[in-house]
Amino acid sequence: MKRQISAVKGTKDILPQEVGKWQNVETIAKQIFELYGYREIRTPVFEATELFEKGTGETSDIVIKEMYTFVDKGGRSLTLRPEYTPSVVRSIIDNRLYLRSHPLRFYYIGPMFRYDKPQKGRYRQFHQVDIEVFGEEDPAIDAEIVEMADYLLKKLQVLDTETLVNSVGCRKCRPSYIKELRSQAEKVKDSLCIDCQRKVVTNPLRIFDCKLETCQEVARDFHEITDFLCQDCENHFNLFCSYLDFYGLRFKVEPRLVRGIDYYTKTTFEIISSRLGAQDALLGGGRYDDMMKDFGGPDIPGIGFAAGLERIISVIPFLEKKREFIYLVHLGEEPKKAGMELSQFLRRKGIECLIEYKERNLKSQMSRANKLGAAWVLIVGEEEIRKGMYQLKNMTTGVQEERSREEIPEIIQAAS
Ligand code: AMP
């Protein structure tokens with residue numbers, strides 16, 4: 001017996017009946033991003049593994065546990081991208097895009113890959129819409145991208161959201177916080193999971209990312225980073241919050257929001273929804289002012305966010321637009337060829353057209369047109385070819401009329 005091959009664990013097909021919802025979300029996201037001055041950038045799905053080790057960070061869960069890494073036939077270590085930011089930064093440096101006038105604003109829509117434990121809202125191949133801005137330090141841009149994210153979610157009719165914001169400081173002030181955190185965590189090490197015990201040594205900030213309730217409980221007693229910010233980071237954060245107020249956005253300061261990636265500096269934020277269940281983050285992002293220079297590029301600050309499409313799509317309504325297509329019925333070999341030519345003519349006029357290739361009588365072709373939901377049926381028989389006039393039936397009204405080849409597209413377009 002032949003063995004059926006199924007989709008790989010943690011991956012999903014996006015089927016024709018749901019793809020309309022995806023296309024809608026993608027179209028609205030693109031329209032909004034372009035309104036704010038963003039332009040699309042597309043980079044390869046795999047990159048040198050080193051890019052993510054260096055970018056996403058060697059102490060992040062993504063790099064330690066979740067990367068799809070493989071060696072290609074040329075002996076290179078490659079990784080399917082688990083997130084987008086390092087790829088964009090690499091591309092900007094590779095293509096010297098930083099020479100263009102700042103700020104640079106890019107967006108991207110596509111799949112990401114993480115070897116995480118699959119569950120509702122968490123997949124091994126998932127899709128993100130992602131935006132990045134480079135070359136702007138002003139906290140007004142931090143507020144602008146949160147406002148854009150909020151607008152996007154409103155346009156998509158995502159309900160019951162909450163915006164969480166924080167500052168994770170910078171290279172000047174974070175080390176003293178990490179030192180303090182390490183000494184606090186050392187004292188309660190035995191109450192932490194094995195993973196977090198390791199984090200006490202490597203990067204205690206990552207304990208806040210732990211998904212275990214027991215570790216989260218312990219971490220609730222740790223000092224908050226907001227008490228350790230240097231003057232520059234504190235001013236930046238206060239201004240960021242005041243600009244969010246200016247936009248009339250409601251938000252909550254969440255001092256434990258460090259997000260699972262090592263490169264963040266200053267601002268981090270997340271928008272969650274109570275409609276999602278355990279995996280409640282719809283989108284998240286933050287500032288990464290050091291990444292470009294750490295990658296050997298110029299000293300240009302960056303900020304961005306990524307939104308998970310599977311999660312957004314799972315909580316939004318969708319009204320599918322009815323497709324208006326013609327079903328072309330033909331009777332006999334000559335009419336079949338005439339029908340093939342007519343359908344080509346109609347498609348060139350921008351009209352969706354289906355033609356039946358199986359031998360069927362008129363009645364069964366008509367019932368098939370009905371079943372498929374055709375808006376119109378065009379009947380081509382020998383008599384019609386001789387007269388150059390075809391039977392066009394409106395399936396909604398039931399009215400059937402004789403029409404010439406030229407009249408057909410005009411009538412259909414006028415009705416839609
Ligand atoms: P991150 O890159 O981890 O900040 O994630 C940004 C957004 O991507 C999250 O808020 C989620 O909406 C989505 N996301 C992250 N990981 C997954 C996953 N494994 N499956 C589905 N969506 C995800």
Side-chain angles (χ1 to χ4, degrees), residues 7-14 18 22 25-26 29 43 45 47 51-52 55-57 59-68 79-89 107-132 145-146 148-150 152-153 156 158 160-166 168 205-206 208-211 254 256-265 267-288 291 302-316:
V8 173
K9 188 175 175 188
T11 69
K12 271 202 329 178
D13 299 311
I14 301 167
E18 42 188 352
W22 284 77
V25 173
E26 287 164 9
T43 64
V45 165
E47 300 270 3
L51 181 81
F52 301 110
T56 313
T59 67
S60 66
D61 279 356
I62 292 181
V63 170
I64 294 172
K65 297 191 272 190
E66 299 170 5
M67 295 214 294
Y68 275 93
T79 293
L80 297 183
R81 61 176 180 219
E83 56 142 346
Y84 204 58
T85 311
S87 300
V88 185
V89 172
Y107 74 87
Y108 176 76
I109 303 179
M112 306 291 150
F113 308 86
R114 290 184 198 172
Y115 191 81
D116 204 346
K117 212 168 168 189
Q119 63 177 85
K120 186 170 171 283
R122 196 200 284 155
Y123 307 97
R124 290 184 172 169
Q125 173 174 325
F126 60 99
H127 298 76
Q128 287 185 340
V129 294
D130 178 287
I131 66 100
E132 317 281 348
I145 71 169
V146 176
M148 180 170 77
D150 180 78
L152 172 65
L153 295 177
L156 295 173
V158 178
D160 301 326
T161 63
E162 188 178 11
T163 302
L164 310 174
V165 301
N166 190 24
V168 292
L205 206 59
R206 296 273 73 88
F208 292 120
D209 301 329
C210 186
K211 287 155 192 155
E254 173 49 74
R256 284 170 192 86
L257 183 74
V258 295
R259 304 196 17 83
I261 293 169
D262 286 352
Y263 52 66
Y264 286 123
T265 51
T267 310
T268 53
F269 67 94
E270 216 161 75
I271 302 185
I272 59 175
S273 169
S274 54
R275 301 208 164 197
L276 275 175
Q279 300 303 312
D280 63 355
L282 284 164
L283 65 85
R287 187 168 267 285
Y288 45 92
M291 198 197 281
I303 182 165
F305 71 73
L309 282 181
E310 280 78 2
R311 293 190 196 170
I312 290 179
I313 278 160
S314 72
V315 293
I316 57 172

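Positions are given from 1 along the sequence. When a ligand or atom number is given, it counts from 1 through the structure's own listing order. FYI, side chains are in, hydrogens and waters are out, and symmetry mates aren't considered; it's all heavy atoms of this structure.
- Looking at R259 next to ligand 1, an N or O pair under 3.5 Å apart turns up.
- Note: Y108 and Y84 have parallel aromatic rings, judged against thresholds of 30 and 60 degrees for the angle between ring planes.
- At the top of the distance list for atom 8 (O) of ligand 1, counting protein heavy atoms only, stands Q128 NE2, 3.1 Å.
- Ionic pairing of R114 and D61 is not present here: no N-O contact between side-chain nitrogen and carboxylate oxygen is shorter than 4.0 angstrom.
- Looking from atom 13 (C) of ligand 1 to the surrounding protein, the closest heavy atom is G308 CA, 3.6 Å.
- Atoms of ligand 1 found under 4.0 Å from any heavy atom of L283, numbered from 1 in the order shown, are 10 (O).
- With Y115, F126, F305 as candidates, the residue nearest to atom 14 (N) of ligand 1 on a non-hydrogen basis is F126.
- Contact record, S273 with L282: CB-CD1, 3.7 Å, taken as the closest heavy-atom pair.
- Within the 4.0 Å heavy-atom criterion, neither part of R124 lies near ligand 1.
- Side chains of E132 and Y288: a donor on one and an acceptor on the other come within 3.5 Å.
- Ion pair R206/D262 flagged as a salt bridge, since at least one NZ, NE, NH1 or NH2 atom sits closer than 4.0 Å to an Asp/Glu carboxylate oxygen.
- Remark: ligand 1 atoms within the under-4.0 Å shell around heavy atoms of A281 are 9 (C), 10 (O), 11 (C), 12 (O).
- Between the side chains of S87 and E47, at least one donor N or O lies within less than 3.5 Å of an accepting N or O.
- Partner of L156 under the side chain to side chain contact (heavy atoms under 4.5 Å, CB included) criterion, chosen from I313, V25, V315: V25.
- Among E83, Q119, R114, R122, the residue whose heavy atom sits closest to atom 3 (O) of ligand 1 is R114.
- Between D116 and ligand 1, not a single N/O pair is under 3.5 Å apart.
- At least one N or O atom of Y123 sits closer than 3.5 Å to an N or O atom of ligand 1.
- In terms of N/O distances under 3.5 Å, ligand 1 is approached by L282.
- A salt bridge (Lys or Arg N to Asp or Glu O under 4.0 Å) with D116 holds for exactly one of R124, K211, K9; it is K211.
- Those atoms of ligand 1 that come under 4.0 Å of a heavy atom in A306, given as number and element, are 6 (C), 7 (C).
- G121 O, 3.2 Å is the protein heavy atom nearest to atom 21 (C) of ligand 1.
- Cation-pi geometry between K65 and Y115 is not met: the NZ or CZ atom fails to fall both under 6.0 Å from the ring centre and inside 45° of the normal.
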